[in-house]
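Working notes, structure below.
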Amino acid sequence: MTEPVTSTPPPVALITGASRGLGAAIARALAPTHELLLGARSADSLRKILDELPSATGWPVDLTDYPVVAAAAAAIPRLDVLVHNAGIADIGTIADSSVEQWRKTLEANLIAVAELTRLLLPALRSANGHVVLINSGAGLRANPGWASYAASKFGLRAFGDALRLEEPSLRVTSIHPGRIDTDMQREIIAGEGREYHPDEFLRAETVAWTVRNAIDTPRDAHPTEIVLRPY
């Protein structure tokens, strides 16, 4: 008598900031092999990517509304992959900055990441999961006009380093891409008063492929930090 064949459910991945740009590209890269939870601030913003990836599930949560985040995270019993992609880039000189700008940038890019990760630790531990932090070149070197953003990304790198040490059952990868050809980048370049040339930047699909490659790395290796620059 043959044994019944039991299928293994696909690994579950939560991607924040998945409605467009790099987050949507990461969703496309993981869709063939993962059950996807796609995060964004609102359900409306997720409609396009969910139409494209109908097997995915929307996860519309404002990551700075911590009671809502806690309730949404509690509904996830097991999580194989957590990709922190959501964030903001509020640029300007230190002289022109404000307390509100610093608070907003640090909360979106660092504090919200730390809290969501903390809440999902039981789900991640149950899967020996993988946390991927989409950092930036600004997390390695600060440039004029980017102080608050760089501070948030330096902090994000430190958070990843600490998480890696405190949670040895997890893999934690910090990815530091240079500028990426996205709608956000177009807005940044417009704010800098420069003409936009897409070929000067990394393709979102290339960075998404790097995320997928890190996740697929066999368990005998721990991809801790990956730096990408436009060629």
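Computed from heavy atoms alone, side chains included, the values below leave out hydrogens, waters and symmetry copies.
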Practice problem: Could you pull out all residues at least two apart from T182 that satisfy side chain to side chain donor-acceptor pair (under 3.5 Å)? | Solution: none
Exercise. Report the distance from atom CD of E225 to atom CG of L140, rounding to the nearest 0.5 Å.
Key: 6.0 Å
Quiz item: Is any NZ, NE, NH1 or NH2 atom of the basic residue among E52 and R28 found under 4.0 Å from an Asp or Glu carboxylate oxygen of the other?
Solution: yes
Self-check item: Joint cluster assignment, I76 & V113, ILVMFWY side-chain distance < 4.5 Å
Solution: yes
Exercise. Measure the CG-CD distance between D181 and E205 for me, rounded to the nearest 0.5 Å.
Key: 8.5 Å
Practice problem: Look at R47 together with D44 and state whether they make a salt bridge at an N to O cut-off of under 4.0 Å. | Solution: yes
Exercise. Treat each ILVMFWY residue as a node, draw an edge where side-chain heavy atoms are under 4.5 Å apart, and state whether V207 and V172 are in one component.
Key: no
Quiz item: OG of S136 to CZ of R157: how many Å apart, nearest 0.5 Å?
Solution: 12.0 Å
Exercise. I would like to know whether R118 and E115 meet salt bridge (Lys or Arg N to Asp or Glu O under 4.0 Å); could you show each step before the answer?
Key: CA-CA 5 Å; R118 184 187 72 82; E115 178 63 359; 2.8 Å; yes
Quiz item: Are Y66 and I111 side-chain neighbours, meaning at least one heavy-atom pair lies under 4.5 Å?
Solution: yes
Quiz item: Is a side-chain N or O of T173 found less than 3.5 angstrom from the main chain of P223, in a donor-acceptor match?
Solution: yes
Exercise. Measure the shortest side-chain to side-chain distance between H130 and D80 over non-hydrogen atoms and say whether it is less than 4.5 angstrom.
Key: no
Quiz item: Ignoring hydrogens and geometry, is there a side-chain-to-backbone donor-acceptor pair from R179 to E200 under 3.5 Å?
Solution: no
Quiz item: How far does CD1 of I15 sit from CD1 of I134, to the nearest 0.5 angstrom?
Solution: 9.5 Å
Quiz item: Closest approach of S152 and L106, non-hydrogen atoms and distance?
Solution: CA-CD2, 3.7 Å
Quiz item: Atom CG in L170, atom CG in L165: separation rounded to 0.5 Å?
Solution: 12.0 Å
Practice problem: Can you see which heavy atom on S19 is nearest to which on S45, and at what distance? | Solution: CB-O, 3.1 Å
Quiz item: Is there side-chain contact between T210 and L228, with at least one heavy-atom pair below 4.5 Å?
Solution: yes
Quiz item: At what distance, to the nearest 0.5 angstrom, does CD1 of I226 lie from OG1 of T217?
Solution: 7.0 Å
